[in-house]
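Chain letters run A, B, ... following the sequence lines, proteins first, then strands; residues in each count from 1.
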There are 2 protein chains.
Amino acid sequence: MQNSGPAPASGNAPPRRGRGRPRAFDREAALTEAMHLFWRKGFAATAISELTAAMGIGAPSLYAAFGSKEELYTEALRHYRERYEAQVWGNFAAAPTARAAVEALLTDTAVALTQVCAPEAARGCMVTLSAVGGEGHADLGACVQAARALGFERVVARLSRAAAEGEFDASVDISALARFVMTVQGGLSLQARDGASRAELEAVARLTMAGWDARVAD
Amino acid sequence: MQNSGPAPASGNAPPRRGRGRPRAFDREAALTEAMHLFWRKGFAATAISELTAAMGIGAPSLYAAFGSKEELYTEALRHYRERYEAQVWGNFAAAPTARAAVEALLTDTAVALTQVCAPEAARGCMVTLSAVGGEGHADLGACVQAARALGFERVVARLSRAAAEGEFDASVDISALARFVMTVQGGLSLQARDGASRAELEAVARLTMAGWDARVAD
DNA sequence: CCATTTCTGTATTGTTCGATACAGAAAGAT
DNA sequence: ATCTTTCTGTATCGAACAATACAGAAATGG
């Protein structure tokens, strides 16, 4: 039952082909296709037959390589985060001030959510919009919820540091401000899902920063 | 195939019992249970067997009364809006200024999203968080998307009126401001789904209004 | 070479899905 | 009372679901 793949990613310097017949498909490419499908349709509404068709493999290959539908979803989620996280959080982490970090977060989110990668690509963040928790898969739900909580914690940490460095005074409610930022950031995914353009989302980011400036002394 | 119920809700002064055996269950009560289930689990992840169990009826009664799973979802959605819309939009409509209207909208949304009605009730707005469009049901998806668009249009209309009445000057980008408000309002559902409290959501509403004040001359 | 190991494609497992056929029950109509 | 109409409960439909059995193919190790 447990994964017995050929030491899936233990390093990668020695490709370390196992003994038997080699896998005939690119595991990462197949995972990307699965990610796209889960992203667009969600967990429950995506059938194994759709996955195998999109991944270009048979069902036994899918189960041999990924274990189960749940494990495949978990890996697809990890793949998604590894692929897109830097796009949204990279400038946030590098910004010199908390204000610049939050502005970068919202602007980069607006850009990331509106770049069309595929003709019928999913719109909105896979993590933000995932409803897998309510669908009766508590473990997967906890997984995406933890991913969402991480974003909030990052903002809280950055704001705490800014407060310690005197970027704004101690009267600012850091938790409330962080939640405000994450509320907008999440809302951007909902807007993107309903077809909002990049310019429209960037305007939302600007208005949010106006709210920031109204509350935080520069 | 088409609904042949006894003139379902043509008025209600004459209960207007049809000819045959009377229905043994309360249609509205059953619809409420279906709404709760769809709200919590979504369309695809809710099985007919779960619905019949929660509604306390057999499958033939469900199909006789509601037609199909899709039609039941549509009715549950209508039921949801009829039941909760005033709670969120009532004060918005009655407010004397656009600012008061938006503030009421966000505050009332914060309250509505955090009032627990049932032990394991769904959290977040059924319309905002519905992913039925991506699940492969384009018609239902268009239905919820239209419901979401209506909120945006209401805010645009109120802001346009305010601009015409001179509440703020003509340089304000009404569409952008409305989208900002709806982005926050949607984001509140995501926060509520992840367990945010009423006080936390109300703090987000306050920060949003600070942003409003920063952009709009009073 | 042959043995071992692992993957692939076909076919199929048992289960659950959404939706109905059917017979009996409960009402109005006459 | 009898006929007609409509609802209820059981039992079930074909289709689709997630997951596997199995035999053959393709690689390594000896």
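Along DNA chain C, the nucleotide closest to B/Ala44 and the one closest to A/Gly58 are compared, and the more 5′ of them pairs with A/Gly58. Residues A/Glu70 and B/Pro60 both approach DNA chain D. Their nearest nucleotides, taken by heavy-atom distance, put B/Pro60 toward the 5′ side.
Residues A/Tyr84 and A/Trp39 bring their aromatic ring centres within 6.0 Å.
Side-chain polar atoms of A/Glu71 and A/Thr74 form no donor-acceptor pair below 3.5 angstrom.
For B/Ser49, no side-chain nitrogen or oxygen approaches OP1 or OP2 of C/dG18 to under 4.0 Å. Contact between the side-chain N/O atoms of B/Ser61 and the OP1/OP2 oxygens of D/dT8 is found at a separation under 4.0 Å.
Among the nucleotides C/dT5, C/dA27, C/dG9, the one closest to any side-chain atom of B/Pro22 is C/dA27. Which of C/dG28, D/dC17, D/dT28 sits closest to the side chain of A/Ala47 comes down to D/dC17. Nearest nucleotide to the side chain of B/Arg23, out of D/dT10, C/dT10, D/dT8: D/dT8.
At least one side-chain heavy atom of A/Tyr73 sits under 4.5 Å from a side-chain heavy atom of A/Val144.
Among the atoms of the strands shown, none is found under 4.0 Å from any heavy atom of B/Thr52. When heavy atoms are screened at a 4.0 angstrom cut-off, A/Ala24 is found touching the sugar-phosphate backbone but no base atom.
Distance CG (A/Leu62) to C1' (D/dT20): 13 Å, rounded to an integer number of Å. Going from atom CD1 of B/Ile48 over to atom P of D/dA16 covers 16 Å, rounded to whole Å. Regarding A/Tyr63, its OH atom lies at a distance of 6 Å from the P atom of D/dA18, rounded to whole Å. Rounding to whole angstrom units, CZ of residue B/Arg19 and C1' of D/dT4 are separated by 5 Å. We find that CZ of A/Phe25 is positioned 20 Å from P of D/dA25, with the value rounded to whole Å. In this structure, B/Lys69 places its NZ atom 4 Å from P of C/dG18, rounding to the nearest Å. Spacing between atom CD of B/Glu135 and atom P of C/dC17 amounts to 15 Å, rounded to whole angstrom units. The separation between A/Leu72 atom CG and D/dA18 atom C1' is 13 Å, rounded to whole Å.
The pair A/Arg27-A/Glu75 meets the salt-bridge criterion, since a charged nitrogen lies less than 4.0 angstrom from a carboxylate oxygen. Between A/Lys41 and A/Glu50, at least one side-chain nitrogen of the basic residue sits less than 4.0 Å from a carboxylate oxygen of the acidic one, meeting the salt-bridge criterion.
In terms of polar N and O atoms assigned as donor or acceptor, the side chain of A/Arg21 comes within less than 3.5 Å of the base of D/dA25 in a complementary pairing.
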